[in-house]
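Remarks on the structure that follows.
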Amino acid sequence: MLDAIATCTGKLIAPLTLVMVLLTSIVVTARYLFETGAVVLTESVMYLHGIVFMLGIAYTLKDGGHVRVDILYQRFSDKGRAIIDLAGAVFFLFPVCIFILWSSFDYVAMSWRMQEGSAEPGGLPGVFVFKTLVPAMALLLMLQGIAEALRAVKQLLFPYA
């Protein structure tokens, strides 16, 4: 069930990477061939990058795409890997997620109170909605971390199941 949340968000945002590439191409073409720029397009690329990163982080964890010291990890037994995964979730991932969640509330709440928009003239409105992705990212990552920790516990308790 928890894996399904990460899979769903990952599949929903995947097409946004193509949109981001196309918009970046338009921005670069406009800037260097036509010597003009569009704040809305430039900010759209930044928003899309943020959305892909923030909502894709749990999917990346699910698929094992996060950086780890694979040179050592690969040499461990399944039990050793499960211990590393469980310890990593408990001692690193969960505390970081809790800290991000806790520390982002005032930041996001202030943005919502101000109905914060772009600082650039002609920029995109709704920065406050975009900033809401910070605690959403922490929650999604924590949910996927729980799935990973449960998988590690299952491996430790029932190695042949």
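Basis for what follows: all heavy atoms, side chains included, without hydrogens, waters or symmetry-related copies.
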Problem - Residue pair Ile146 / Phe94, side-chain heavy-atom distance below 4.5 Å - result: yes

Completion exercise
Of all heavy-atom pairs linking Val40 and Gly122, the shortest is CG2-O, 3.2 Å

Practice task
Kindly give the heavy-atom pair with the smallest separation between Gly145 and Leu61, and that separation in Å.
Solution key: N-CD2, 4.0 Å

Problem - Whether His49 and Phe53 hold their rings parallel, tilted or perpendicular, with breakpoints at 30° and 60° - result: parallel

Practice task
May I ask whether Ile83 and Val153 are part of the same hydrophobic cluster, defined by side-chain heavy atoms of I, L, V, M, F, W, Y residues being less than 4.5 angstrom apart, directly or through others?
Solution key: yes

Practice task
State the CZ-OG distance between Phe99 and Ser104, to the nearest 0.5 angstrom.
Solution key: 9.5 Å

Exercise for the section: Find out if a path of hydrophobic residues (ILVMFWY) with successive side-chain heavy-atom gaps under 4.5 Å connects Tyr59 to Met142. Expected result: no

Problem - Any side-chain heavy-atom pair of Asp3 and Lys62 under 4.5 Å - result: yes

Problem - Min side-chain heavy-atom separation Leu124-Ser44 under 4.5 Å - result: yes

Completion exercise
Here the gap from Thr60 atom OG1 to Leu55 atom CG, rounded to the nearest 0.5 Å, amounts to 11.0 Å

Handout entry: Side chains of Lys154 and Arg151 in contact at under 4.5 Å (non-hydrogen atoms)
Key = no

Completion exercise
So CG of Asp63 and OG1 of Thr7: to nearest 0.5 Å the spacing works out to 7.0 Å

Completion exercise
From the list Leu93, Ile98, Ile100, side-chain contact (heavy atoms from CB on, under 4.5 Å) partner of Val96 resolves to Ile100

Practice task
Return yes if some donor-acceptor pair links the side-chain N/O of Ser77 with the main-chain N/O of Gly80 below 3.5 Å, else return no.
Solution key: yes

Handout entry: Cluster check Val52, Leu18: I/L/V/M/F/W/Y, side chain < 4.5 angstrom
Key = no

Exercise for the section: Using the rule that two of Ile, Leu, Val, Met, Phe, Trp, Tyr join whenever any of their side-chain heavy atoms come within less than 4.5 Å, decide whether Val127 and Leu23 are in one cluster. Expected result: yes

Handout entry: Note, Gln155 side chain near Asp85 side chain (heavy atom, < 4.5 Å)
Key = no

Exercise for the section: Any chance you could measure Ile51, atom CD1, to Leu133, atom CG, to the nearest 0.5 Å? Expected result: 6.0 Å

Problem - Contacts of Thr132 that satisfy side chain to side chain donor-acceptor pair (under 3.5 Å) - sequence neighbours left out - result: Trp112

Exercise for the section: Supply the atom-to-atom distance Ser118 OG to Glu116 CD, rounded to the nearest 0.5 angstrom. Expected result: 9.0 Å

Exercise for the section: Would you kindly confirm whether Leu12 and Met137 end up in one hydrophobic cluster when ILVMFWY residues are joined by side chain heavy atoms under 4.5 Å apart? Expected result: no

Problem - Rounded distance (nearest 0.5 Å) linking atom CG of Leu16 with atom OH of Tyr47 - result: 15.0 Å

Completion exercise
Closest non-hydrogen contact found for Cys97 with Ala138 is O-CB, 3.6 Å

Practice task
Please report the closest heavy-atom contact between Ala82 and Ala152, naming both atoms and the distance.
Solution key: O-CB, 3.4 Å

Problem - CE (Met46) with more than 12 external heavy atoms under 6.0 Å - result: yes

Completion exercise
Heavy-atom nearest pair, Ala58 first then Gln144, reads O-CG, 3.4 Å

Practice task
Any chance you could lay out the side-chain contact (heavy atoms from CB on, under 4.5 Å) test for Thr42 and Arg31, step after step, and finish with the verdict?
Solution key: CA-CA 11 Å; Thr42 303; Arg31 184 172 296 145; 4.0 Å; yes

Fill in the blank from the handout: Test side-chain contact (heavy atoms from CB on, under 4.5 Å), reference Met54, set Thr9, Leu140, Val134, Leu141, output is Val134

